[in-house]
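For reference, the structure is listed below as C-alpha coordinates.
Values in this document were obtained by computation on a predicted structure and should not be read as measured data.
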Amino acid sequence: MPELPEVETIRRQLEARLVGRRIDSGWAFESPKFTDARLVAPAAINYVNRRGKYLVVSLDGDRELVIHLGMTGQLRVHPHDESLRDPHVRACWQLDNGGVLEFRDIRRFGRIALVPCGVYQRLPTLATIGPEPFDPTFDGDSFWTALRSSRRRIKTQLLSQQPIAGVGNIYADEALWIARVHPGARRITRSRATELLAALREVLAAGISNGGTTLRDYVDSDGRRGDNQNHLHCYGQAGLPCPRCGTVLIRRSIDARSSTFCPNCQRNR
DNA sequence: GTTGCGTCCTGGACGC
DNA sequence: TGCGTCCAGGACGCAA
(Lines give C-alpha, C1' and ligand atoms only; values in the text may rest on other atoms or scores of the structure.)
Protein backbone atom coordinates (compact mmCIF):
# COMPACT_ATOMS: atom_id res chain seq x y z
CA MET A 1 0.00 0.00 0.00
CA PRO A 2 1.98 2.95 -1.26
CA GLU A 3 2.33 5.82 1.22
CA LEU A 4 4.69 8.79 1.06
CA PRO A 5 7.98 6.79 1.25
CA GLU A 6 6.90 4.37 -1.48
CA VAL A 7 5.61 7.15 -3.75
CA GLU A 8 8.78 9.21 -3.17
CA THR A 9 10.96 6.20 -4.01
CA ILE A 10 9.06 5.75 -7.29
CA ARG A 11 9.12 9.49 -8.01
CA ARG A 12 12.92 9.67 -7.76
CA GLN A 13 13.29 6.74 -10.14
CA LEU A 14 10.76 8.08 -12.63
CA GLU A 15 12.29 11.55 -12.57
CA ALA A 16 15.60 10.16 -13.82
CA ARG A 17 13.88 8.26 -16.64
CA LEU A 18 11.02 10.47 -17.75
CA VAL A 19 12.08 14.12 -17.55
CA GLY A 20 12.82 15.37 -21.07
CA ARG A 21 11.01 12.44 -22.69
CA ARG A 22 7.86 12.76 -24.80
CA ILE A 23 4.69 10.68 -24.53
CA ASP A 24 3.62 9.67 -28.03
CA SER A 25 0.47 7.68 -27.23
CA GLY A 26 -1.57 6.39 -24.33
CA TRP A 27 -3.82 3.42 -23.61
CA ALA A 28 -6.23 2.87 -20.71
CA PHE A 29 -8.39 0.15 -19.21
CA GLU A 30 -12.14 0.71 -19.67
CA SER A 31 -12.96 2.52 -16.45
CA PRO A 32 -13.66 6.17 -15.59
CA LYS A 33 -10.74 5.95 -13.13
CA PHE A 34 -8.20 5.47 -15.92
CA THR A 35 -9.58 6.93 -19.15
CA ASP A 36 -7.69 10.23 -18.71
CA ALA A 37 -4.52 8.29 -19.53
CA ARG A 38 -5.57 8.27 -23.21
CA LEU A 39 -5.88 12.06 -23.32
CA VAL A 40 -2.28 12.76 -22.30
CA ALA A 41 -0.50 12.21 -25.62
CA PRO A 42 1.21 13.93 -27.24
CA ALA A 43 3.06 15.58 -24.38
CA ALA A 44 6.56 16.50 -23.25
CA ILE A 45 7.41 15.64 -19.64
CA ASN A 46 8.85 18.58 -17.70
CA TYR A 47 8.99 17.37 -14.09
CA VAL A 48 7.92 14.48 -11.88
CA ASN A 49 6.67 15.87 -8.56
CA ARG A 50 4.93 14.41 -5.55
CA ARG A 51 2.25 15.80 -3.24
CA GLY A 52 1.49 13.47 -0.33
CA LYS A 53 0.73 10.12 -1.95
CA TYR A 54 -0.01 11.67 -5.35
CA LEU A 55 2.48 11.66 -8.20
CA VAL A 56 2.15 14.84 -10.24
CA VAL A 57 3.76 14.70 -13.69
CA SER A 58 4.15 18.17 -15.17
CA LEU A 59 3.45 18.22 -18.92
CA ASP A 60 3.74 20.86 -21.60
CA GLY A 61 0.62 22.92 -22.24
CA ASP A 62 0.27 23.72 -18.50
CA ARG A 63 -1.20 20.30 -17.80
CA GLU A 64 -0.54 17.78 -15.04
CA LEU A 65 -0.94 14.03 -15.06
CA VAL A 66 -1.94 13.10 -11.49
CA ILE A 67 -1.54 9.47 -10.48
CA HIS A 68 -2.63 7.89 -7.22
CA LEU A 69 -1.41 4.33 -6.73
CA GLY A 70 -4.30 3.32 -4.45
CA MET A 71 -3.67 0.02 -2.66
CA THR A 72 -1.83 -2.02 -5.24
CA GLY A 73 -0.71 0.40 -7.94
CA GLN A 74 2.70 -0.03 -9.55
CA LEU A 75 4.47 2.22 -12.06
CA ARG A 76 7.17 0.61 -14.18
CA VAL A 77 9.24 1.76 -17.14
CA HIS A 78 9.95 -1.01 -19.63
CA PRO A 79 12.46 -0.67 -22.46
CA HIS A 80 9.87 -2.29 -24.78
CA ASP A 81 6.10 -2.75 -24.78
CA GLU A 82 5.30 -5.70 -22.50
CA SER A 83 2.17 -4.25 -20.96
CA LEU A 84 -0.68 -5.95 -22.76
CA ARG A 85 0.53 -9.38 -21.70
CA ASP A 86 -0.43 -8.54 -18.11
CA PRO A 87 -4.19 -8.46 -17.35
CA HIS A 88 -3.64 -6.12 -14.39
CA VAL A 89 -2.17 -3.29 -16.45
CA ARG A 90 -4.70 -0.41 -16.34
CA ALA A 91 -2.84 2.18 -18.42
CA CYS A 92 0.37 2.60 -20.37
CA TRP A 93 2.14 5.35 -22.27
CA GLN A 94 4.46 4.90 -25.22
CA LEU A 95 7.61 7.05 -24.90
CA ASP A 96 9.62 8.61 -27.71
CA ASN A 97 12.67 6.45 -26.91
CA GLY A 98 10.73 3.23 -27.48
CA GLY A 99 10.12 2.64 -23.80
CA VAL A 100 6.75 2.21 -22.10
CA LEU A 101 5.52 3.63 -18.80
CA GLU A 102 3.05 1.13 -17.38
CA PHE A 103 0.48 1.48 -14.60
CA ARG A 104 -0.42 -1.88 -13.08
CA ASP A 105 -3.11 -2.06 -10.39
CA ILE A 106 -4.59 -5.36 -9.24
CA ARG A 107 -7.40 -3.99 -7.05
CA ARG A 108 -8.22 -0.96 -9.21
CA PHE A 109 -8.13 1.45 -6.25
CA GLY A 110 -5.69 3.70 -8.08
CA ARG A 111 -6.74 6.61 -10.25
CA ILE A 112 -5.41 8.83 -13.00
CA ALA A 113 -6.42 12.39 -13.78
CA LEU A 114 -5.30 14.89 -16.41
CA VAL A 115 -5.87 18.41 -15.08
CA PRO A 116 -4.82 22.01 -15.76
CA CYS A 117 -1.81 22.95 -13.58
CA GLY A 118 -2.84 23.19 -9.93
CA VAL A 119 -6.57 22.66 -10.56
CA TYR A 120 -7.56 19.73 -8.35
CA GLN A 121 -11.34 20.00 -7.88
CA ARG A 122 -11.71 16.53 -9.38
CA LEU A 123 -9.44 15.17 -6.63
CA PRO A 124 -10.98 16.46 -3.38
CA THR A 125 -8.32 14.98 -1.10
CA LEU A 126 -5.52 16.55 -3.14
CA ALA A 127 -7.39 19.86 -3.23
CA THR A 128 -7.48 20.04 0.58
CA ILE A 129 -4.26 18.21 1.41
CA GLY A 130 -2.14 19.35 4.37
CA PRO A 131 1.54 20.38 4.54
CA GLU A 132 4.37 18.11 3.44
CA PRO A 133 5.92 16.42 6.51
CA PHE A 134 9.43 17.67 5.67
CA ASP A 135 8.40 21.25 4.96
CA PRO A 136 10.84 23.24 7.19
CA THR A 137 8.17 25.88 7.86
CA PHE A 138 5.79 23.23 9.25
CA ASP A 139 6.34 22.90 13.00
CA GLY A 140 4.78 21.27 16.05
CA ASP A 141 2.60 24.28 16.81
CA SER A 142 1.13 24.31 13.29
CA PHE A 143 0.49 20.57 13.53
CA TRP A 144 -1.16 20.93 16.94
CA THR A 145 -3.37 23.75 15.67
CA ALA A 146 -4.47 21.61 12.71
CA LEU A 147 -5.26 18.64 14.95
CA ARG A 148 -7.21 20.83 17.40
CA SER A 149 -9.48 22.10 14.66
CA SER A 150 -11.29 18.74 14.52
CA ARG A 151 -12.86 16.40 17.07
CA ARG A 152 -12.17 13.33 14.99
CA ARG A 153 -9.84 10.66 16.35
CA ILE A 154 -6.11 11.31 15.84
CA LYS A 155 -5.61 8.26 13.63
CA THR A 156 -8.59 9.20 11.46
CA GLN A 157 -7.24 12.73 11.10
CA LEU A 158 -3.82 11.47 10.00
CA LEU A 159 -5.39 9.22 7.36
CA SER A 160 -7.55 12.11 6.08
CA GLN A 161 -4.36 13.84 4.76
CA GLN A 162 -5.62 17.18 6.11
CA PRO A 163 -3.30 17.91 9.09
CA ILE A 164 -0.30 16.40 7.24
CA ALA A 165 0.20 14.85 3.80
CA GLY A 166 1.33 11.36 2.84
CA VAL A 167 0.56 9.30 5.95
CA GLY A 168 -1.26 5.96 5.62
CA ASN A 169 -2.07 3.13 7.99
CA ILE A 170 1.43 1.69 8.34
CA TYR A 171 3.33 4.88 9.10
CA ALA A 172 0.47 6.26 11.23
CA ASP A 173 0.57 3.21 13.50
CA GLU A 174 4.37 3.37 13.72
CA ALA A 175 4.48 7.09 14.55
CA LEU A 176 1.64 6.86 17.09
CA TRP A 177 3.53 4.04 18.81
CA ILE A 178 6.78 6.03 18.95
CA ALA A 179 5.00 9.14 20.29
CA ARG A 180 2.90 7.02 22.73
CA VAL A 181 -0.38 8.39 21.39
CA HIS A 182 -3.54 6.26 21.45
CA PRO A 183 -4.94 6.07 17.89
CA GLY A 184 -8.48 6.69 19.19
CA ALA A 185 -7.60 9.85 21.15
CA ARG A 186 -9.59 12.96 20.21
CA ARG A 187 -7.39 15.45 22.05
CA ILE A 188 -3.63 15.79 22.17
CA THR A 189 -1.37 18.21 24.06
CA ARG A 190 0.89 20.68 22.28
CA SER A 191 4.03 18.84 23.42
CA ARG A 192 2.62 15.46 22.38
CA ALA A 193 1.72 16.87 18.97
CA THR A 194 5.32 18.03 18.56
CA GLU A 195 6.54 14.56 19.50
CA LEU A 196 4.08 12.99 17.05
CA LEU A 197 5.31 15.21 14.22
CA ALA A 198 8.91 14.24 15.02
CA ALA A 199 7.86 10.57 15.05
CA LEU A 200 6.10 10.92 11.69
CA ARG A 201 9.22 12.48 10.20
CA GLU A 202 11.34 9.71 11.70
CA VAL A 203 9.26 6.81 10.32
CA LEU A 204 8.74 8.44 6.91
CA ALA A 205 12.46 9.16 6.54
CA ALA A 206 13.28 5.58 7.55
CA GLY A 207 10.72 4.32 5.03
CA ILE A 208 12.38 6.31 2.25
CA SER A 209 15.89 5.20 3.16
CA ASN A 210 14.72 1.57 3.31
CA GLY A 211 13.14 1.79 -0.14
CA GLY A 212 9.55 1.58 1.13
CA THR A 213 7.49 -1.10 2.88
CA THR A 214 6.50 -4.23 0.96
CA LEU A 215 3.82 -6.28 2.70
CA ARG A 216 2.49 -7.86 -0.47
CA ASP A 217 2.22 -5.87 -3.69
CA TYR A 218 4.51 -2.83 -3.46
CA VAL A 219 7.53 -2.75 -5.77
CA ASP A 220 9.48 0.27 -7.00
CA SER A 221 9.76 1.25 -10.66
CA ASP A 222 12.57 -1.30 -11.07
CA GLY A 223 10.35 -4.06 -9.70
CA ARG A 224 12.32 -4.27 -6.44
CA ARG A 225 10.63 -4.87 -3.08
CA GLY A 226 11.19 -2.47 -0.21
CA ASP A 227 12.94 -3.41 3.03
CA ASN A 228 11.13 -1.27 5.60
CA GLN A 229 8.78 -4.12 6.59
CA ASN A 230 11.78 -5.58 8.43
CA HIS A 231 12.07 -2.46 10.60
CA LEU A 232 8.48 -2.06 11.86
CA HIS A 233 7.84 -1.90 15.62
CA CYS A 234 4.06 -1.94 15.75
CA TYR A 235 2.13 -2.23 12.46
CA GLY A 236 1.25 -5.86 11.76
CA GLN A 237 2.76 -6.98 15.08
CA ALA A 238 -0.52 -7.63 16.98
CA GLY A 239 -0.13 -10.52 19.41
CA LEU A 240 3.59 -9.90 19.79
CA PRO A 241 5.18 -8.11 22.78
CA CYS A 242 5.63 -4.35 22.60
CA PRO A 243 9.36 -3.73 21.88
CA ARG A 244 9.31 -1.00 24.54
CA CYS A 245 7.42 -2.47 27.51
CA GLY A 246 6.65 -6.09 26.65
CA THR A 247 2.84 -5.74 26.83
CA VAL A 248 1.09 -7.67 24.07
CA LEU A 249 0.23 -5.36 21.13
CA ILE A 250 -3.46 -5.38 20.19
CA ARG A 251 -5.37 -4.64 17.01
CA ARG A 252 -8.65 -2.74 17.08
CA SER A 253 -10.91 -1.27 14.44
CA ILE A 254 -10.99 2.52 14.78
CA ASP A 255 -13.39 4.28 12.42
CA ALA A 256 -13.44 1.15 10.26
CA ARG A 257 -9.63 1.09 9.91
CA SER A 258 -7.49 -1.48 11.69
CA SER A 259 -5.03 -0.05 14.19
CA THR A 260 -2.30 -1.84 16.09
CA PHE A 261 -1.07 -0.28 19.31
CA CYS A 262 0.27 -0.97 22.80
CA PRO A 263 -2.51 -0.72 25.44
CA ASN A 264 0.10 0.14 28.06
CA CYS A 265 2.35 2.68 26.31
CA GLN A 266 -0.48 4.29 24.31
CA ARG A 267 -3.23 4.96 26.84
CA ASN A 268 -6.29 6.97 25.88
CA ARG A 269 -6.22 9.60 28.62
C1' DG B 1 -19.94 22.23 8.23
C1' DT B 2 -18.60 17.97 10.62
C1' DT B 3 -18.49 13.20 11.48
C1' DG B 4 -18.68 8.38 10.61
C1' DC B 5 -19.94 4.63 7.80
C1' DG B 6 -20.55 2.14 3.31
C1' DT B 7 -18.71 1.21 -1.17
C1' DC B 8 -15.41 0.16 -4.58
C1' DC B 9 -12.15 -3.99 -5.90
C1' DT B 10 -9.36 -8.29 -6.05
C1' DG B 11 -6.45 -11.92 -4.33
C1' DG B 12 -4.93 -14.42 -0.45
C1' DA B 13 -5.98 -16.80 3.82
C1' DC B 14 -8.82 -19.69 6.15
C1' DG B 15 -12.50 -22.97 7.38
C1' DC B 16 -15.44 -26.60 6.12
C1' DT C 1 -9.51 -30.48 -3.83
C1' DG C 2 -12.97 -27.14 -4.21
C1' DC C 3 -16.03 -23.87 -2.62
C1' DG C 4 -17.60 -19.97 0.22
C1' DT C 5 -16.50 -16.26 3.32
C1' DC C 6 -13.72 -12.80 5.31
C1' DC C 7 -10.20 -9.34 5.27
C1' DA C 8 -6.99 -5.73 3.75
C1' DG C 9 -7.28 -0.39 2.91
C1' DG C 10 -7.27 5.02 0.29
C1' DA C 11 -10.46 7.93 -1.46
C1' DC C 12 -14.90 9.45 -1.91
C1' DG C 13 -20.00 9.79 -1.52
C1' DC C 14 -23.74 10.11 1.39
C1' DA C 15 -26.66 10.29 5.46
C1' DA C 16 -27.25 11.92 10.09
Send over the distance from A/I129 CD1 to C/dA11 C1', rounded to a whole Å.
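Spelled out: CD1 on A/I129 to C1' on C/dA11 is 11 Å.
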
Using whole Å, what does the distance between atom P of nucleotide C/dG13 and atom CG of A/L123 come to?
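My rounded result for the distance is 10 Å.
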
Using a strict threshold of under 4.0 Å (side-chain N to carboxylate O), is an ion pair present between [Y] and [X]?
{"X": "A/R180", "Y": "A/E195", "result": "no"}
{"X": "A/K155", "Y": "A/D255", "result": "no"}
{"X": "A/R38", "Y": "A/E30", "result": "yes"}
{"X": "A/D173", "Y": "A/R257", "result": "no"}

Computed from five pairs at either end and rounded to 10 degrees, the angle between the axes of the helix from B/dT2-C/dA16 to B/dC16-C/dG2 is 50°

Is there any ring pair (Phe, Tyr, Trp, His ring centres under 6.0 Å) pair reaching into residues 231-258 of chain A, and which pairs are they, with sequence neighbours excluded?
A/W177-A/H233

N/O (side chain, A/H68) to phosphate O (OP1/OP2, C/dA11) under 4.0 Å:
yes

What range of DNA chain B does chain A touch, first nucleotide to last, counting atoms under 4.0 Å from its heavy atoms?
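So the contact region on DNA chain B extends B/dT3 to B/dG12.
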
Using side-chain heavy atoms (C-beta onward) and a distance below 4.5 Å, is A/L101 in contact with A/I23?
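Answer no - side chains too far apart.
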
Output a table of nitrogen or oxygen pairs between the protein and nucleotides 5-9 of chain C separated by less than 3.5 Å.
residue	atom	partner	partner atom	Å
C/dA8	OP1	A/R251	NH2	2.7
C/dA8	N3	A/R107	NH1	2.9
C/dG9	OP1	A/N169	ND2	3.1
C/dG9	OP1	A/Y235	OH	2.5
C/dG9	OP2	A/S258	OG	2.5

Side-chain donor-acceptor pairs under 3.5 Å in residues 108-118 of chain A, sequence neighbours left out?
none

Identify whether NZ of Lys or CZ of Arg in A/R90 sits under 6.0 Å from the centre of the six-membered ring of A/F103 and within 45° of that ring's axis.
no

Of A/L18, A/V100, A/L65, A/V57, which meets side-chain contact (heavy atoms from CB on, under 4.5 Å) against A/W93?
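Of the listed residues A/L18, A/V100, A/L65, A/V57, the side-chain contact (heavy atoms from CB on, under 4.5 Å) partner of A/W93 is A/L65.
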
Applying side-chain hydrogen bond (donor to acceptor under 3.5 Å, both in side chains), can you list everything that pairs with A/R17, at least two apart in sequence or on another chain?
A/D222

